[in-house]
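To keep things clear, I will list the structure first and then write my remarks on it.
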Amino acid sequence: MCNDGMSSMEPKGEILHTSLAGESIEEQEVRLAWFRDAKFGMFIHWGPASLLGVELSWDRSAPKPFDITGAKDRGEDPEYDSQFKQFNPVKFDASQWVEIAKDAGMKYLVIVTKHHDGFSNFHTKYSDYNIANTPFKRDIVKELADACHSAGMKFGVYYSQRDWYHPAYLIGDNNEYREFMKNQIRELLTNYGKVDIIWFDSYGTRDLNDCKVHDELWKPQELLEMMHELQPGIIVNNRLAILASYNHPDNIGLWCDYDTPEEKIGNYQYGRAWESCMTLVGGQWSYKPGGKMYTREECIRMLVNTVTGDGNLLLNIGPMPTGEIEGRQIDRLKEIGEWLKIYGESIYCTRGGPFVNGDWGRSTRRGNTVYIHAMNRNGDSLTLPKTSVRIGSAELLAGGKVEVIESNDEIQLMMPRKHQQEIDTVIKCAVLGGADLLSVRPPAGSD
C-alpha cells in the first residue's frame, strides 16, 4: 500500500476513540494505516440459503428470538434448515474469487463465517451445523484465507453474535452460548493464518437499553482482549456492543476501530475511520436470481462519494449455489476495476477533502496534491468552494490541460468539454506553498 506518512498521522476530527486500553490515537492510526489506504473491499454473503435464492437468515420462516421482532420463542424452518444437506458448490474456486476482487481494484475481502441462521461456513468443533457436514465438506473459509494470503489480499471474517438456531442463545445468563461464540471466534483467529479484520454484526438482547445487562450477557471486553491476543493488529468494527451502549463512557462500545453505515453512504467524517457496506444486487445480501444490480455509474459514484467522505466501501456480492459468481456481477466489478486503472491514484491512499463536498463534486488529497472529482460542471468551467488551499497547476487525470483562475473569492478550473468524462471528471491539482492538507478539511458531518 502507500507509505507517505499520511495515514499514520493523528486525525484531527472530533470523534477520537481507540479500540485498545492504553493505545494512543497515534498508535491506532498506525494499526489502521492499511485500511485507511485500501478504500475498497469485497463483502461475501453465502451459504445454503443460496439454493433457495432468498435472503440469508432473514427469510428463515421461524421466530427470531430476542431480536427486533420482539419474539422470545424459538422454532424451525424445515425447508430452510435442511438446505445444508444439498449444499454442494462444486464450482467454488477461492483463487478465482480473489482474482475477481483484485480485478475490481479491491484490496481486502470479508467472508461471512456464521450468520444469524447459525450455519458455520468453516470446520468447527462446536457445532454440527457446519460446512463439514454438507456434501461439499470442504472448509470454505480456509480456502479463501489461503487464497487471500497467497495473493497478498487482506483477509477478514464476518461473525454474527445473533444465532436464532442455537438452543442456548440468550437463555438464562447466556454463559453457554457466550462460551460457544468465544470458542468459535478462537477457532477463526487460530486456524486460518493472519486475519486482518473481524466484522461483527449486532447482538440481540433482552434489554436493548440497559448497558449493564448487555455487558453481563456478552462480556465484550473479555472477547476483545482475546481477539487482540490471538491476532495482534486485528481491526474490529463498531458492532461489538449494542447501539444503546455505544456512547456510554464506561462501555466497550467505544473500544472499536471504525463505524459501519449500512446500505447508505456515510457523511464526511475525518476523525474516525468508517466503512459503508452496500449490496451490489437487489438490496439483498445473499444470492438473488434476477435481482436488479447497480449500474456502472452508480457503483463508481458510490465509491467516489465514500472515499471523498474519508471512508471505505465494502461492496457485497452473493455467489450462486454452484460456487460461481454471477457473470453479470463479475462484469460490473471489472468495469469498476477498469475505471480504477485510470483514476485509482485519486482513490487509494488518499484522505477526504479539503473542499466541502457539494453539488459541484468532491475532493481527495494526498501529499501536496488535491484530486477534484467534478460530478457536475457548468460548461467549460468548475467553481470550487473557497479554502486556504492555493492551486498552482492542474491537469485532467485522463489527459488534458486545465487552466486555473484564482481570485479573492473563488477558484475556477477551466477545461474543454471534449475532455470531460460522463460520470466523473477527475482533476489533479498541485498545491502551492506546501499547505498542510491534513489541517484543511471540511467540517465533520458535511454531505
Side-chain angles (χ1 to χ4, degrees), residues 1 7-8 11 16-44 98 101 106-115 120-122 124 139-161 178 180-203 218-241 246 251-260 272-275 277 311-312 314:
M1 306 301 289
S7 292
S8 63
L16 300 175
H17 310 141
T18 179
S19 69
L20 290 174
E23 182 184 51
S24 69
I25 294 298
E26 294 90 341
E27 289 168 335
Q28 184 192 38
E29 282 295 303
V30 170
R31 184 162 54 83
L32 289 173
W34 75 261
F35 181 78
R36 292 272 202 184
D37 289 342
K39 301 304 180 189
F40 191 27
M42 175 181 279
F43 214 0
I44 302 172
V98 171
M106 293 162 162
K107 303 299 183 182
Y108 60 104
L109 180 150
V110 179
I111 175 70
V112 168
T113 64
K114 181 181 79 73
H115 210 259
S120 299
N121 265 329
F122 62 102
T124 174
D139 191 331
I140 289 167
V141 174
K142 185 175 191 313
E143 293 186 27
L144 268 176
D146 290 347
C148 284
H149 297 148
S150 295
M153 174 82 70
K154 297 289 187 180
F155 176 68
V157 294
Y158 163 112
Y159 187 92
S160 172
Q161 304 96 300
R178 189 174 63 249
F180 160 79
M181 184 178 82
K182 189 175 181 179
N183 285 332
Q184 283 209 314
I185 291 172
R186 185 183 291 110
E187 288 179 318
L188 289 169
L189 301 188
T190 302
N191 299 338
Y192 298 94
K194 184 77 166 68
V195 178
D196 300 287
I197 294 173
I198 186 161
W199 210 106
F200 289 104
D201 207 323
S202 56
Y203 296 94
W218 294 105
K219 301 188 186 303
Q221 185 169 355
E222 291 181 6
L223 184 60
L224 184 70
E225 290 170 355
M226 181 193 78
M227 293 188 298
H228 279 282
E229 181 180 346
L230 294 173
Q231 291 281 344
I234 196 169
I235 296 173
V236 184
N237 73 333
N238 69 329
R239 302 190 187 192
L240 185 60
Y246 179 74
N251 194 267
I252 197 72
L254 299 180
W255 291 13
C256 54
D257 293 311
Y258 65 97
D259 297 334
T260 52
R272 178 179 171 82
W274 62 274
E275 172 193 73
C277 53
N312 287 22
L314 188 63

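Because the structure is a prediction, the values reported are computed rather than measured.
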Is the backbone N or O of [Y] less than 3.5 Å from a side-chain atom of [X], with the two atoms forming a donor-acceptor pair by type?
X: Asp259; Y: Arg272; value: no
X: Gln231; Y: Lys194; value: no
X: Asn237; Y: Phe200; value: yes
X: Asp257; Y: Val236; value: yes

Kindly compute the distance separating [atom1] ([X]) from [atom2] ([Y]), expressed to the nearest 0.5 Å.
X: Ile198; Y: Leu223; atom1: CD1; atom2: CG; answer: 7.0 Å
X: Ile140; Y: Ile111; atom1: CD1; atom2: CD1; answer: 7.0 Å
X: Phe40; Y: Asn312; atom1: CZ; atom2: CG; answer: 10.5 Å
X: Leu240; Y: Cys256; atom1: CG; atom2: SG; answer: 7.5 Å
X: Leu144; Y: Thr113; atom1: CG; atom2: OG1; answer: 11.5 Å
X: Gln184; Y: Lys114; atom1: CD; atom2: NZ; answer: 6.0 Å

Item to check | ring-ring contact (aromatic ring centres under 6.0 Å, His included) partners of Tyr108, counting only residues at least two apart | outcome: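 Expected list: Trp34, Phe35.
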Item to check | ring-ring contact (aromatic ring centres under 6.0 Å, His included) partners of Trp199, counting only residues at least two apart | outcome: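 Once residues adjacent in sequence are excluded, the partners of Trp199 under the ring-ring contact (aromatic ring centres under 6.0 Å, His included) criterion are Phe43, Tyr158.
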Can you name the residues that form a side-chain hydrogen bond (donor to acceptor under 3.5 Å, both in side chains) with [X], not counting sequence neighbours?
X: Glu143; value: Arg138
X: Ser160; value: His116
X: Glu222; value: none
X: Tyr192; value: Asp139

Can you name the nearest heavy-atom pair linking [X] to [Y], along with the distance?
X: Cys277; Y: Arg239; result: SG-NH2, 4.3 Å
X: Met153; Y: Lys107; result: SD-C, 3.2 Å
X: Asn121; Y: Val112; result: ND2-O, 3.2 Å
X: Val141; Y: Leu188; result: CG1-CD2, 4.4 Å
X: Ile234; Y: His228; result: O-CE1, 3.3 Å
X: Gln161; Y: Asp201; result: OE1-N, 3.1 Å

Checklist entry - Can Ile185 and Met181 be said to form a side-chain contact (heavy atoms from CB on, under 4.5 Å), step by step? => result CA-CA 6 Å; Ile185 291 172; Met181 184 178 82; 4.0 Å; yes
Checklist entry - After noting the C-alpha distance and the side-chain angles of Lys154 and Ile197, does the key distance pass the side-chain contact (heavy atoms from CB on, under 4.5 Å) rule? => result CA-CA 8 Å; Lys154 297 289 187 180; Ile197 294 173; over 6 Å; no
With side chains defined as the heavy atoms from C-beta onward, is the minimum distance between [X] and [Y] less than 4.5 Å?
X: Arg36; Y: Glu29; value: yes
X: Glu229; Y: Met226; value: no
X: Lys219; Y: Lys182; value: no

Next on the checklist: Other residues, nucleotides and ligands only: do more than 12 of their heavy atoms fall within 6.0 Å of NZ on Lys142?
Outcome noted: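 Atom NZ in Lys142 is not packed in, count stays at 12 or less.
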